[in-house]
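This report concerns only the one structure given below.
Because the structure is a prediction, the values reported are computed rather than measured. Every chain is numbered from 1, with letters handed out A, B, ... down the list of sequences.
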Number of protein chains: 2
Amino acid sequence: MNDTPHKLKDTGLKVTGPRQTILALFQNAAQRHMSAEDVYKLLVSDNTAIGLATVYRVLTQFEQAGILNRSNFENGKAVFELNEGKHHDHIVCMDCGRVEEFFDAEIEARQKKIAKAQGYEIEDHSLSLYARCIKSGCPYKK
Amino acid sequence: MNDTPHKLKDTGLKVTGPRQTILALFQNAAQRHMSAEDVYKLLVSDNTAIGLATVYRVLTQFEQAGILNRSNFENGKAVFELNEGKHHDHIVCMDCGRVEEFFDAEIEARQKKIAKAQGYEIEDHSLSLYARCIKSGCPYKK
DNA sequence: GTATATGCAAAACTTTTGCATCCTT
DNA sequence: AAGGATGCAAAAGTTTTGCATATAC
């Protein structure tokens with residue numbers, strides 16, 4: 001059931017307490033997208049003593065190991081989410097901060113085509129839509 | 001020829017030395033995309049004494065006035081460019097840092113459609129392709 | 001036992017703000 | 001003359017780093 005240790009070992013990272021805790025946090029937390037500060041606060045509220053510096057180090061290592069993905073939204077803080085192998089882009093609600101995901105093959109295809117036409121080979125890309133909910137679920141809907 | 005004062009007056013901003021200098025800098029500089037630090041360094045190398053805090057304030061005011069556009073690339077620093085009324089997205093070269101622009105009506109249309117389908121109305125968006133030059137112009141080409 | 005990880009504090013880096021002074025209108 | 005703008009220094013916010021100690025293998 002708890003395959004966290006295996007997942008860590010697979011990457012060559014030592015299986016330490018902080019790493020297991022933080023990985024489990026992403027696997028179980030209510031919110032899928034979290035900043036370093038979000039993670040740290042969750043740990044504190046769980047009475048789990050992990051230093052903020054360790055949180056940053058672990059998040060960076062997890063990103064390099066392919067366990068997490070990092071995104072930079074317009075608020076200036078990096079947010080992380082579990083990498084489940086399916087690339088996607090984001091819609092960020094400007095009212096409530098909720099983050100949803102989407103994937104569009106046509107946008108992906110056109111990006112490649114455009115880059116190539118301008119003489120580039122895409123290594124990575126980031127597409128974020130900043131929007132306002134028009135559905136009823138948004139708690140901050142005007 | 002120098003319509004800088006008019007452009008500033010039109011926005012309701014007072015025509016001050018720093019504002020004229022910084023606007024002229026964007027109108028004449030070799031690079032179209034500049035961070036606050038880039039601007040500040042250019043000013044220093046021109047022996048123009050403008051405080052870094054003023055640079056930040058002016059850039060923010062110019063953005064709010066619609067004179068400049070702000071983008072956040074993955075390096076964590078905001079970059080500004082002249083707003084010439086034509087929305088576009090960016091290709092950032094990961095070797096040399098060069099920034100190119102593109103616009104694709106189809107991508108724009110699909111973004112709107114996707115947001116709507118998920119219950120959002122787009123307010124803004126940011127699309128950046130991180131890529132490597134395959135043409136000869138890149139000075140850092142491998 | 002050795003190499004790596006962690007915690008804490010300090011530092012780095014970008015951006016913002018308080019306040020006295022100066023400048024535009 | 002009055003309100004807004006600027007400069008400087010200090011502060012704020014996020015992320016990184018140095019170093020002594022603790023932990024995994």
Answer yes or no: does a side-chain N or O of A:T54 lie under 4.0 Å from OP1 or OP2 of C:dA5?
no

Polar contact flag, side-chain donor to acceptor under 3.5 angstrom, B:N69-B:H87
no

Is B:K77 touching bases, backbone alone, or none of the nucleic acid, heavy atoms closer than 4.0 Å?
sugar-phosphate

For A:R19 and C:dT4, what is the distance between atoms CZ and P respectively, to the nearest whole Å?
11 Å

More than 12 heavy atoms from other groups under 6.0 Å of CD on B:E121:
no

Nucleotide C:dT16, atom P - distance to CD of B:Q61 in whole Å:
12 Å

Spacing between A:N72 atom CG and C:dT15 atom P, to the nearest angstrom:
13 Å

Nearest-nucleotide check on DNA chain D, B:G17 vs B:K14; residue mapping nearer the 5' end is B:K14

B:I50 CD1 to D:dT6 P, in whole Å, measures 8 Å

Side-chain N,O (A:Y56) to OP1/OP2 (D:dT16) below 4.0 Å:
no

Please work out which of the three classes, parallel, tilted or perpendicular, describes the rings of A:F73 and A:H33, given edges at 30° and 60°.
tilted

B:D38 atom CG is separated from C:dT14 atom C1', nearest whole Å, by 13 Å

Using whole Å, what does the distance between atom P of nucleotide D:dT15 and atom CD of A:E63 come to?
12 Å

Take B:G76 and B:A53, find for each the nucleotide of DNA chain C with the closest heavy atom, and name the residue whose nucleotide sits nearer the 5' end.
B:G76

Mind calculating the distance between CD (A:E37) and C1' (D:dG13) to the nearest angstrom?
9 Å

Look at the side-chain N and O atoms of A:T16 and state whether any lies under 4.0 Å from the OP1 or OP2 oxygen of C:dT6.
yes

Residue A:R57, side-chain atoms from C-beta onward, closest of D:dC19, D:dT6, C:dA5
D:dC19

Under 3.5 Å donor-acceptor, A:N75 side chain and A:K77 backbone:
yes

Side-chain donor-acceptor contact under 3.5 Å, B:H88 with B:E81:
yes

Return the value, rounded to whole Å, for the distance between atom CG of B:L8 and atom C1' of D:dA5.
13 Å

Counting the atoms with a prime plus P, OP1 and OP2 as sugar-phosphate, which does B:L52 contact under 4.0 Å by heavy atoms, base, sugar-phosphate, or nothing?
base

